[in-house]
Amino acid sequence: TMPKEILQIAKKYIGKYELVAIEEKDTTGEHTDQTYFEVQERDKFELLRRIMDTETDFYAIIFCHTKADVDELVSRLNDEGYSAEGLHGDLAQKQREHFLKRFKDRKVNILVATDIAARGIDVNDVTHVINYAIPQNAERYTHRIGRT
């Protein structure tokens, strides 16, 4: 990935260079079932609860946009008796590692996260990836659902 701002800086200071681009392709995977629901903002939490309550062995990563959204959703889930941890960039690395380990060890079955968890996190047997907040672009969507 090369943001256009970085490319402009490269053009200005590097001189001669060669740009290698790889054609984008759909990488969502043929073995990944995808479903979406259109709901009013006020109904999102209730829909999430219904999904969690109807699925057996629910083990999921739920993505939000901001750290405040993550903290609020984790609080609401835990208040309702679900087992959730939050992961975002304002946490110290040690805290993030601790929460991720608890999730991997299945001490909690819900990890609510910002896009900090969309790349580089490898967790086996995740049953659901829920975009509680729609990702800002197709690449983020692909990285998020790739956690399955």
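Given the structure is predicted, the values throughout are model-derived calculations rather than measurements.
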Exercise for review: Apply ring-ring contact (aromatic ring centres under 6.0 Å, His included) to Phe99 and list each qualifying residue two or more places apart in sequence or on a separate chain.
Suggested key: none

Exercise for review: Please check if Ile62 and Tyr36 belong to a single hydrophobic cluster, counting links between Ile, Leu, Val, Met, Phe, Trp and Tyr side chain heavy atoms closer than 4.5 Å.
Suggested key: no

Exercise for review: Return yes when atom CZ of Arg106 has more than 12 non-hydrogen atoms of other residues, nucleotides or ligands closer than 6.0 Å, and no otherwise.
Suggested key: yes

Check your understanding: Who pairs with Lys44 by salt bridge (Lys or Arg N to Asp or Glu O under 4.0 Å), at least two apart in sequence or on another chain?
Key -> Glu41

Point to revise | Phe63 reachable from Leu87 in the ILVMFWY side-chain graph, under 4.5 Å edges | key: yes

Study note, to complete from the structure: Contacts of Phe58 meeting ring-ring contact (aromatic ring centres under 6.0 Å, His included) (sequence neighbours excluded), chain-then-number -> His128

**Study point:** Residue among Arg102, Lys104, Arg96 satisfying side chain to side chain contact (heavy atoms under 4.5 Å, CB included) with Leu100
**Key:** Lys104

Exercise for review: For atom CD1 of Ile134, decide whether the heavy atoms of other residues, nucleotides or ligands shown that lie under 6.0 angstrom number more than 12.
Suggested key: no

Study note, to complete from the structure: Applying ring-ring contact (aromatic ring centres under 6.0 Å, His included) to Tyr59 and not counting sequence neighbours gives Phe103

Point to revise | Single-linkage hydrophobic cluster, 4.5 Å side-chain cutoff, Val123 and Ile110 together | key: no

Revision key, fill the gap. d(Glu72 CD, Leu77 CG) to nearest 0.5 Å is 10.5 Å

Point to revise | Partners meeting side-chain hydrogen bond (donor to acceptor under 3.5 Å, both in side chains) with Asp43 (sequence neighbours left out) | key: none

Practice item. Report yes if the side chains of Val70 and Tyr132 come closer than 4.5 Å at any heavy-atom pair, otherwise no. Key: no

Check your understanding: Between Val39 and Glu46, is any pair of side-chain heavy atoms under 4.5 Å apart?
Key -> no

Point to revise | Shared hydrophobic cluster, Val126 / Ile130 (ILVMFWY, side-chain heavy atoms < 4.5 Å) | key: no

Check your understanding: Between the main-chain N or O of His65 and the side-chain N or O of His88, is there a donor-acceptor pair closer than 3.5 Å?
Key -> no

Point to revise | pair Lys101-Glu97: side-chain heavy atoms closer than 4.5 Å | key: no

**Study point:** Derivation of the side chain to side chain contact (heavy atoms under 4.5 Å, CB included) call for Gln136 and Asp115
**Key:** CA-CA 10 Å; Gln136 295 173 334; Asp115 282 325; 5.7 Å; no

Revision key, fill the gap. Closest non-hydrogen contact found for Leu91 with Gly86 is CD1-O, 3.4 Å

Point to revise | Rounded distance (nearest 0.5 Å) linking atom CE of Met52 with atom OG1 of Thr127 | key: 11.5 Å

Point to revise | Side-chain touch Leu48/Leu73, heavy atoms, less than 4.5 angstrom | key: yes

Review point. CD of Gln95 to CD of Glu85: how many Å apart, nearest 0.5 Å?
Key: 10.0 Å

Practice item. Decide yes or no for Val108 and Tyr82: does some side-chain heavy atom of the first lie under 4.5 Å from some side-chain heavy atom of the second? Key: no

Exercise for review: Report yes if some heavy atom in the side chain of Asp125 is under 4.5 Å from a heavy atom in the side chain of Asp57; otherwise report no.
Suggested key: no

Exercise for review: Determine which pairs satisfy salt bridge (charged side-chain N to carboxylate O under 4.0 Å, His left out) with at least one residue from residues 61-71, sequence neighbours left out, and list them in order.
Suggested key: Lys67-Asp90

